[in-house]
2 protein chains.
Amino acid sequence: MSPRPPLNAPERGDARTRLLEAARDLIRASGFASTSVDDLCRAAGVTKGAFFHHFESKEALGVAVAEFWSQTTGALFAAAPYHEPADPLDRVLAYVAFRRALIDGDRAAYTCLAGTLIQEVHDSSPAVRAACGRAILDHAATLEADIEAARSQRGIRGDWTAQSLARHTQAVLQGAFILAKAGDDAALARESVDHLERYIRLLFGAPGGAP
Amino acid sequence: MSPRPPLNAPERGDARTRLLEAARDLIRASGFASTSVDDLCRAAGVTKGAFFHHFESKEALGVAVAEFWSQTTGALFAAAPYHEPADPLDRVLAYVAFRRALIDGDRAAYTCLAGTLIQEVHDSSPAVRAACGRAILDHAATLEADIEAARSQRGIRGDWTAQSLARHTQAVLQGAFILAKAGDDAALARESVDHLERYIRLLFGAPGGAP
DNA sequence: CGCACCATACCGTCCGGTCGGTATGGCGTC
DNA sequence: GACGCCATACCGACCGGACGGTATGGTGCG
């Protein structure tokens, strides 16, 4: 599907990568349908021939950019410092703090491609929907182990699962981005993340969670 | 702006209303850019002439449908039974339960028009963005009084405001809709709403919030 | 040569928007 | 109440441009 491991590292990435980067940026800013193939080619500095050489259709690009998003953000989070604390709950809280710290500057720079993309195409393109869904749920799954470890370490019970809490963190983040757009202010997003942090502290009886 | 009380009742309301209803349904299902003016006219059973008679552009329809959404959902929530409990905290929890109960059946039937619309046009159409932002934040504001009453009644302090918690409920709901699309399952949305309810119970020390 | 990679010109369709025209009904005048 | 006048509501053919996609050809490299 994507057999492109270029051996001779070409400057600034090849056309395919540049198209994916352009798609990531333009779709986050303007949406999928509003971003034309010509826009993408112009932003990537390539021509239409290159586009349809690498992607058999615009929809195929949608799938590819969702997978690209999943891989690049996956690498970013895997290398992030929030894994360092020895206490699993501290790692979960550090993840939340890391996500909050990412929310600043331009909107299109901190919002989630998968979240915006899936809203548009959820019923018109099953392939893109599935790719975005995997990106979101796979990322959520990376939090489950720490949540479960924190839970068993502290003997926390309750009628919730580590999986559902992990997914809830993603729901809060996705919703936070929408609130930031609604109020035209990134602070609204950070406030929701603050509530998420407070919730987790309360769930685990950690300091700082007192109402 | 809309002085149309036709005396010879033409079946099913006037064209403007039918166009707004069609826009609400089609945009929720397919997004704004993917819904053409012809699609809207076909769904509403009117012609293009009628469309541009009532709306000077497609963007103007976007603004109008966001306001239409705000008014119709505002009336729905104003008349909903969650206002009945005497205890303000019970009213807040009843609101959350009401929202959870709304999440079933078809995705396009329970998702939020303003949330999906604002994701697409937040930087390409300031007017539509503002209208959607108002719809979301005005609705959040309707919860503030009950939250504040619950807080002072129970003597709850803490470093959060009623406004931020009201907005957080909307963030969770918006994010829950995205999760439902990601997993192609409304249950994912309900799970996030469950976490929201648990958070509120924990904040107020209410029964059922124990982890 | 053969193949991957890409450029350019082009095609048919669909899109948002325009425009001339019609039907209807309220209203003032006599 | 008959008539002229006009605003509102709506129709549907049409336009120019943008859209996704294709066909063809060039170029460098093993």
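Chain A is the first sequence line, chain B the second, and so forth, proteins listed ahead of strands; every chain is numbered from 1.
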Whole-Å gap separating [atom2] ([N]) and [atom1] ([X]):
| X | N | atom1 | atom2 | value |
| --- | --- | --- | --- | --- |
| B/Glu59 | C/dG16 | CD | P | 13 Å |
| B/Asp38 | D/dA13 | CG | C1' | 12 Å |
| B/Phe32 | C/dC15 | CZ | P | 14 Å |
| B/Phe51 | D/dT8 | CZ | P | 20 Å |
| B/Phe55 | C/dC15 | CZ | C1' | 19 Å |
| B/Leu40 | C/dC14 | CG | P | 17 Å |
| B/Leu61 | C/dG16 | CG | P | 11 Å |
| A/Asp14 | C/dC6 | CG | P | 7 Å |

Report yes or no: does A/Arg18 contribute a side-chain atom to a donor-acceptor pair with the main-chain N or O of A/Ala44 at less than 3.5 Å?
yes
Have a look at A/Ser36 and say if it touches a base, only the backbone sugar-phosphate, or nothing, with a 4.0 Å heavy-atom cut-off.
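Result for A/Ser36 = sugar-phosphate.
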Given [options], identify the nucleotide with an atom nearest to the side chain of [X].
| X | options | value |
| --- | --- | --- |
| A/Ser57 | C/dT8, D/dC11, D/dG21 | D/dG21 |
| B/Phe52 | D/dG21, C/dG17, D/dC11 | C/dG17 |
| A/Ala50 | D/dC10, C/dA7, C/dT8 | C/dA7 |
| A/Lys48 | C/dT18, C/dT8, D/dC10 | C/dT8 |

Between B/Val46 and A/Thr35, which has a closest nucleotide on DNA chain D that is more 5'?
B/Val46
Would one find a side-chain N or O of B/His53 under 4.0 angstrom from OP1 or OP2 of D/dA9?
yes
A/Arg107 with B/Asp123: basic N within carboxylate O range, under 4.0 Å
no
Quick one: does A/Lys58 reach the base of D/dG21 with a side-chain donor-acceptor pair under 3.5 Å?
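Counting by modelled atom types and ignoring angles, no donor-acceptor contact under 3.5 Å is found here.
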So for the helix from C/dC1-D/dG30 to C/dC30-D/dG1, with five pairs setting each end axis, what is the inter-axis angle to 10°?
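Inter-axis angle at the ends, rounded: 10°.
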[X] side chain near [Y] side chain, heavy-atom distance below 4.5 Å:
| X | Y | result |
| --- | --- | --- |
| B/Ile147 | B/Thr161 | no |
| A/Arg198 | B/Tyr199 | yes |
| B/Leu19 | B/Phe55 | yes |

Nearest-0.5 Å distance that lies between atom OG1 in B/Thr169 and atom CD in B/Glu197
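One gets 13.0 Å once the value is rounded to the nearest 0.5 Å.
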Considering all heavy atoms, the nearest B/Thr111-B/Arg28 contact
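Closest heavy-atom pair between B/Thr111 and B/Arg28: O-NH1, 2.6 Å.
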